[in-house]
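Starting from 1, each residue takes its place in the sequence as its number.
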Amino acid sequence: MHGSDIVVLCAANMWHGLRYADQQLALHLAAHRPVLYVDPPMSWLTAGRDPSVRSVLREPRLRAVAPGITRLTPVVLPGPERPGMCHVTSALVRRGIRRAVNKLRAPVHAVIATSPFLDVFGSCDEHVRIFWAQDDLAGGADLLGLDPQRIRAGERRRAASADVIVASTPGVMATWETEGYEPEFIPYGSDVAHYECVGDAAPASDVGLEPPITGFVGVIGARIDFEMLEAVASSGHSLLLIGPTHRSLSNELLRRLLTHENVRWLGAKTYDELPSYLRVIDVGIVPYTDSPFNRGSFPLKTLEYLSAGKAVVATDLPAIRWLDSDLVAVSSQPSEFAAAVDTALREPSTPELIAQRRAFARNHSWDRRAIEFDRVITSRRTERANGERFAR
């Protein structure tokens, strides 16, 4: 990593665990330039509440985790994002980034910020400052247990000090345009190579369902429309759920769904295990509710199903409409959703159709998204060097 301009990505998600957009961008951006991946700051108390991060605190704070990627885990005071503590947390994170950059002995090409609460810009004499507006966080404030007005105020502060906003969903893009900005639109992508190998993966052995199988892979919480899942289950088709539950989930909803003999929930699986489960799934579903947060999101699983060559049925969301593909069936009524699943299950997955799905997904790969990010960083650095400023 020595001697090359690096990108500092202050992520919304920890490096370990499920692989979200932050990790995907870092992995694919590292093919173009080194990345310093900065975990969300946490305190020692976090390990007491969450055993999964205890091992993280036993590791060095700065360590290499993948080719071209160094990980920094800032440890700060308790309640890092509470009102009144954000300034302290921001100062500690900036200091941690400065020290990490000094150890890496490399100039910083850009800093990418994702948190509305942490001020990380200016920590390492970076050439470009990017605010990566990933989701409609204010729209999901109830799920996050946060104040939407506080979120929006923080986002506006990050935007005001950034050289450019990168929006990841059509809804987020529209929000910043109404604020007078001209954001760059770079939606989420798919790790196509990871999912194209489903044919080579050993079929999962713990499914216990009769084919054909309808599957959902993702976090199971209040964002999920259980009426859609109930309709699919009531149709008699096998339904497989893969993923952890979110604290927002009503246990009664999941318990009732699991009373169907044709429904299985297998909990969280590792990223490397997912191809084995996608191999046994015939139709992937995206059963999201029509909520402000979902309207401002970009469901990664849609492109991941297509990368695996699977048929997709989704509820009507702006990001789904933006994809604008007849390879994704769209329905927002439970009975119609179940009927669309039934139709997709009956359609033969010919080699030609599988190839079409994968070709579509390749056009939306994380490889391409990383190239777009690199283009934005390079162009904004040129503009700053020329004394320009992005438009409002």
Side-chain angles (χ1 to χ4, degrees), residues 18 143 195 198 201 203-269 273-291 293-295 297 299-306 308-317 319-320 327-349 353 357:
L18 294 175
L143 290 175
Y195 292 103
V198 294
S205 60
D206 58 345
V207 173
L209 291 171
E210 290 294 323
I213 297 174
T214 302
F216 171 78
V217 180
V219 178
I220 303 169
R223 299 180 65 187
I224 303 301
D225 192 329
F226 272 79
E227 290 187 15
M228 303 292 180
L229 297 180
E230 284 281 354
V232 173
S234 297
S235 71
H237 294 304
S238 294
L239 176 60
L240 177 64
L241 308 176
I242 301 293
T245 57
H246 190 270
R247 63 179 181 274
S248 65
L249 177 68
S250 166
N251 291 329
E252 176 60 24
L253 289 174
L254 184 58
R255 187 200 64 78
R256 188 165 64 240
L257 182 65
L258 293 176
T259 61
H260 294 272
E261 293 184 354
N262 56 321
V263 179
R264 296 285 186 278
W265 170 53
L266 299 181
K269 301 297 177 181
E273 290 176 307
L274 292 182
S276 291
Y277 290 93
L278 282 169
R279 177 168 180 174
V280 303
I281 289 172
D282 298 282
V283 175
I285 56 174
V286 187
Y288 278 9
T289 60
D290 183 21
S291 67
F293 188 47
N294 285 340
R295 288 194 295 271
S297 70
L300 280 166
K301 56 190 62 64
T302 307
L303 293 172
E304 292 169 349
Y305 295 146
L306 292 172
K310 306 299 178 177
V312 182
V313 178
T315 47
D316 189 10
L317 297 171
I320 299 297
L327 296 172
V328 180
V330 180
S331 181
S332 293
Q333 296 299 322
S335 60
E336 296 174 359
F337 191 91
V341 169
D342 182 75
T343 298
L345 287 171
R346 295 177 188 279
E347 182 181 18
S349 282
L353 186 54
R357 292 165 181 160

K.L.:
Do the non-hydrogen side-chain atoms of Leu229 and Ile224 ever get within less than 4.5 Å of each other?
P.N.:
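Leu229 vs Ile224: side chains touch.
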K.L.:
Quick check for you: to the nearest 0.5 Å, what is the distance between Leu239 atom CG and His260 atom NE2?
P.N.:
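Answer for the CG-NE2 pair, Leu239 versus His260, is 9.0 Å.
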K.L.:
Would Asn262 and His237 count as having a side-chain donor-acceptor pair, cut-off 3.5 Å?
P.N.:
no
K.L.:
Can you see which heavy atom on Asn294 is nearest to which on Leu317, and at what distance?
P.N.:
O-CD2, 3.8 Å
K.L.:
Which heavy-atom pair separates Thr315 from Ile320 by the least distance, and what is that distance?
P.N.:
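Between these two residues, the closest heavy atoms are O-CG1, 3.8 Å.
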K.L.:
Once you round to the nearest 0.5 Å, how far does CG of Leu143 lie from CG of Leu249?
P.N.:
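If I round to the nearest 0.5 Å, the distance is 11.0 Å.
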K.L.:
Do Tyr277 and Asp206 get their side chains close enough for a donor-acceptor pair, meaning under 3.5 Å?
P.N.:
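There is such a pair (donor and acceptor under 3.5 Å, judged by atom type) between the side chains of Tyr277 and Asp206.
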K.L.:
What's the separation between atom CG in Asp316 and atom OH in Tyr288, rounded to the nearest 0.5 Å?
P.N.:
15.0 Å
K.L.:
If you count the non-hydrogen atoms of other residues, nucleotides and ligands that lie under 6.0 Å from CD in Glu252, is the total more than 12?
P.N.:
yes
K.L.:
Minimum heavy-atom separation for Gly243 and Ile220, please, with both atom names.
P.N.:
O-CD1, 3.9 Å
K.L.:
For Pro211, does its backbone N or O pair with a side-chain atom of Ser238 as donor and acceptor, under 3.5 Å?
P.N.:
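Checked: no pair found.
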K.L.:
Between the side chains of Arg357 and Ser349, is a donor N or O closer than 3.5 angstrom to an acceptor N or O?
P.N.:
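A donor-acceptor contact under 3.5 Å links the two side chains.
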K.L.:
Might you point out which heavy atoms bring Ile285 and Tyr305 nearest each other, and give the distance in Å?
P.N.:
O-OH, 3.0 Å
K.L.:
A side-chain contact here means heavy atoms from C-beta on lying under 4.5 Å apart; do Val286 and Val328 qualify?
P.N.:
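Val286 does not reach Val328 side chain to side chain.
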K.L.:
For a side-chain contact (heavy atoms from CB on, under 4.5 Å) with Pro287, tell me which candidate from Met228, Glu227, Arg223 qualifies.
P.N.:
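It is Met228; the other options fail the test.
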K.L.:
Answer whether the closest heavy-atom distance between the side chains of Leu306 and Val312 falls below 4.5 Å.
P.N.:
yes
K.L.:
Any side-chain to backbone donor/acceptor pair from Arg279 onto Ala204? Under 3.5 Å, distance only.
P.N.:
no
K.L.:
Are side-chain heavy atoms of Leu353 and Glu347 found at a separation under 4.5 Å?
P.N.:
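The answer is yes, as the side chains (C-beta and beyond) meet within the 4.5 Å cut-off.
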K.L.:
Within this structure, what is the CG-CG distance for the pair Asp290 and Asp225, rounded to the nearest 0.5 Å?
P.N.:
9.5 Å
K.L.:
Within the 4.5 Å heavy-atom criterion, are Ile213 and Val207 side-chain neighbours or not?
P.N.:
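Contact flag for Ile213/Val207 side chains = yes.
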K.L.:
Between Leu278 and Ile281, does the side-chain contact (heavy atoms from CB on, under 4.5 Å) criterion hold? Intermediate values first, please.
P.N.:
CA-CA 5 Å; Leu278 282 169; Ile281 289 172; 4.2 Å; yes
K.L.:
Nearest 0.5 Å please: distance from the CG atom of Leu300 over to the CG atom of Leu18.
P.N.:
11.0 Å
K.L.:
Look at the side chain of Ser235 and the backbone N and O of Val232, then say whether any donor-acceptor pair between them is shorter than 3.5 Å.
P.N.:
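Yes, because the side chain of Ser235 sits within donor-acceptor range (under 3.5 Å) of the backbone of Val232.
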K.L.:
If you take all heavy atoms of Arg256 and Leu253, which pair is closest and at what distance?
P.N.:
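Where Arg256 meets Leu253 most closely, the heavy atoms are NH2-CD2, 3.3 Å.
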K.L.:
Within the structure provided, determine whether Ser297 and Pro299 are in side-chain contact (heavy-atom separation under 4.5 Å).
P.N.:
yes
K.L.:
Specify the closest pair of heavy atoms between Leu274 and Tyr195, including all atoms of both residues, with the distance to one decimal.
P.N.:
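Nearest heavy atoms, Leu274 then Tyr195: CD1-OH, 3.7 Å.
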K.L.:
Are the side chain of Ser248 and the backbone N or O of Ala222 linked by a donor-acceptor pair below 3.5 Å?
P.N.:
yes
K.L.:
Could you walk me through whether Lys301 and Val217 pass the side-chain contact (heavy atoms from CB on, under 4.5 Å) test, one step at a time?
P.N.:
CA-CA 7 Å; Lys301 56 190 62 64; Val217 180; 5.6 Å; no
K.L.:
Could you tell me whether the side chain of Trp265 and the main chain of Pro244 form a donor-acceptor pair under 3.5 Å?
P.N.:
no
K.L.:
Distance check, rounded to the nearest 0.5 Å: Leu240 atom CG versus Asp282 atom CG?
P.N.:
10.5 Å
K.L.:
Between Leu241 and Leu257, does the side-chain contact (heavy atoms from CB on, under 4.5 Å) criterion hold? Intermediate values first, please.
P.N.:
CA-CA 11 Å; Leu241 308 176; Leu257 182 65; 3.7 Å; yes
